[in-house]
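Contents: one structure, followed by commentary.
When a ligand or atom number is given, it counts from 1 through the structure's own listing order.
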Amino acid sequence: MKDILQMNEIVELVRMVTNMYAHGWDERNGGNVSVLLDESELGQYLDLSKVIRTIPTGFEAPELEGKCFLVTGTGKYFKNVQYDPAKNLGIVRVADKGRTAELLWGLTDGGKFTSEFPAHMMSHIARLKEDPKNRVILHCHPNNLLAMTFVHSLDEKEFTRTLWQMCTECVLVFPEGVNVLPWMVCGTNEIGMAPAEKMKTARLVVWAQHGIYGAGRDMDETFGLIETAEKAAEVYLKIAHLPWKQTITDEDMHQIEKRFNVKAREGYLN
Ligand code: 13P
Ligand code: ZN
């Protein structure tokens, strides 16, 4: 067996959550990540017939039965992951139509996967329907996006258009825009459906007064989406209270569409 700590996804995830903490997006235990793993690759690192323990999920997700995920643990601090990946992370296989998750590696202190596990699993289902190559769901609490949800309209078109206007690259990086959820209690199964529903039409879902969910084919894409939206929110907060002399116009964005062969969300540009 190969050394699991050398597995690409673990190496990359440890680097990413360390970086997220450094960005200030994940205070305390804030944020969580799940990565869909390739079973045949995982079999080179773990005996997949050895289940350490079975953890009830409290929901059903038959679509994901048999699929394996690398996940962050609930209550774990991203700043600590690099020092003890096996305690702070886990690899689970979805079993019994999604009603349980079999722990195959990690969570060595007896811990459990993130409390946002339902939202992550439902979001994977939603994104995989849109893009069979989607593998990553990422949730965190970036300062500027969070702050923006206090002072900006939560209308999805208006929120998206403001972000697009803040940096040239935004419409290119997330042409489908961002969807927005109102404030809600976190970590409940019922709420799990809400981000997933919003994930059907966008890879970014801003959660008012809480943070953001991102989805992508790999960790770079997903981190990069959030990084770009967060930068736009930062620019917005720097200028929102000042008189604007110019901005990126809809005509400018149509030029970007043509030059880079992307299509902004239908009806979002004039
Ligand atoms: P967990 O520690 O359970 O992952 O929760 C963190 C969080 O960000 C909740 O929204
Ligand atoms: Zn959160």
Side-chain angles (χ1 to χ4, degrees), residues 9-10 13-14 16-36 53 55-59 61 69-92 94 100-101 103 105-124 136-150 154 178-199 203-215 219 222-223 225-227 229-230 233:
E9 286 80 358
I10 292 188
L13 186 129
V14 169
M16 184 177 74
V17 298
T18 305
N19 198 9
M20 289 169 73
Y21 176 73
H23 274 65
W25 299 350
D26 299 280
E27 75 293 341
R28 202 175 181 272
N29 64 309
N32 28 70
V33 190
S34 62
V35 183
L36 175 59
R53 56 194 156 95
I55 309 171
T57 63
F59 63 88
F69 293 90
L70 172 63
V71 285
T72 51
T74 186
K76 304 298 193 224
Y77 292 25
F78 279 12
K79 74 185 176 71
N80 296 337
V81 175
Q82 61 178 321
Y83 305 111
D84 196 347
K87 184 170 120 185
N88 294 291
L89 308 175
I91 293 178
V92 294
V94 177
T100 58
L103 181 68
W105 173 83
L107 299 173
T108 52
D109 62 349
K112 203 182 157 186
F113 40 72
T114 170
S115 60
E116 302 287 348
F117 195 67
H120 278 252
M121 293 302 111
M122 300 302 160
S123 296
H124 276 287
V136 180
I137 302 290
L138 178 51
H139 165 65
C140 59
H141 306 159
N143 298 349
N144 297 291
L145 280 163
L146 217 159
M148 193 170 153
T149 65
F150 287 79
L154 296 181
V178 299
N179 287 342
V180 182
L181 283 172
W183 182 88
M184 290 180 302
V185 182
C186 50
T188 68
N189 285 359
E190 299 72 48
I191 296 307
M193 285 311 293
E197 196 55 38
K198 293 284 182 189
M199 280 267 169
R203 291 164 299 160
L204 285 173
V205 178
V206 169
W207 188 356
Q209 290 87 49
H210 186 137
I212 190 164
Y213 269 90
M219 290 181 234
T222 317
F223 183 96
L225 276 168
I226 293 177
E227 192 178 28
E230 168 64 358

Margin query: If we ignore hydrogens and angles and just use 3.5 Å, is the side chain of T72 paired with the main-chain N or O of V33 as donor and acceptor?
Written below: yes
The atoms of ligand 1 lying under 4.0 Å from a heavy atom of H139, numbered in the order shown, are 8 (O), 10 (O)
N179 (side chain) donor-acceptor with K198 (main chain) under 3.5 angstrom: yes
CD of E9 to CG of L70, rounded to nearest 0.5 Å, is 7.5 Å
Ionic contact status for K76 with D109, cut-off 4.0 Å
yes
**Asked** Mind checking whether F69 and H124 have parallel, tilted or perpendicular rings, split at 30° and 60°?
**Response** tilted
Within 4.0 Å of some non-hydrogen atom of H210, the atoms of ligand 1 are 10 (O)
Does F150 have more than 12 heavy atoms from other residues, nucleotides or ligands lying within 6.0 Å of its CZ? yes
closest protein heavy atom to atom 7 (C) of ligand 1 is N32 ND2, 3.4 Å
Atom 8 (O) of ligand 1 has as its nearest protein heavy atom G31 N, 2.9 Å
Note: ligand 1 atoms sitting under 4.0 Å from heavy atoms of H141 are 8 (O)
Note to self: Closer than 2.8 Å to the Zn ion (ligand 2): does that hold for any N, O or S atom in C186?
What the structure shows: no
Taking the Zn ion (ligand 2) as the apex, H139 NE2 and H141 NE2 span an angle, rounded to 10°, of 110°
key: Any N/O pair K76/ligand 1 closer than 3.5 Å   = no
N29 heavy atoms within 4.0 Å reach ligand 1 at atoms 1 (P), 2 (O), 5 (O), 6 (C)
The atoms of ligand 1 lying under 4.0 Å from a heavy atom of G30, numbered in the order shown, are 8 (O)
In terms of relative ring orientation, are W207 and H139 parallel, tilted or perpendicular, with 30° and 60° separating the classes? tilted
Next item on the list: Take N143 and E230 through the test side chain to side chain contact (heavy atoms under 4.5 Å, CB included) and record every step on the way to the result.
Entry: CA-CA 8 Å; N143 298 349; E230 168 64 358; 4.3 Å; yes
One finds that the ligand 1 atoms under 4.0 Å from a non-hydrogen atom of T74 are 1 (P), 2 (O), 3 (O)
Practice item. Evaluate side chain to side chain contact (heavy atoms under 4.5 Å, CB included) for H210 paired with L181, printing each intermediate quantity in order. Key: CA-CA 10 Å; H210 186 137; L181 283 172; over 6 Å; no
So the atoms of ligand 1 within less than 4.0 Å of a heavy atom of T114 turn out to be 1 (P), 3 (O), 4 (O)
Atom 9 (C) of ligand 1: closest protein heavy atom, distance to 0.1 Å, is E116 OE2, 3.2 Å
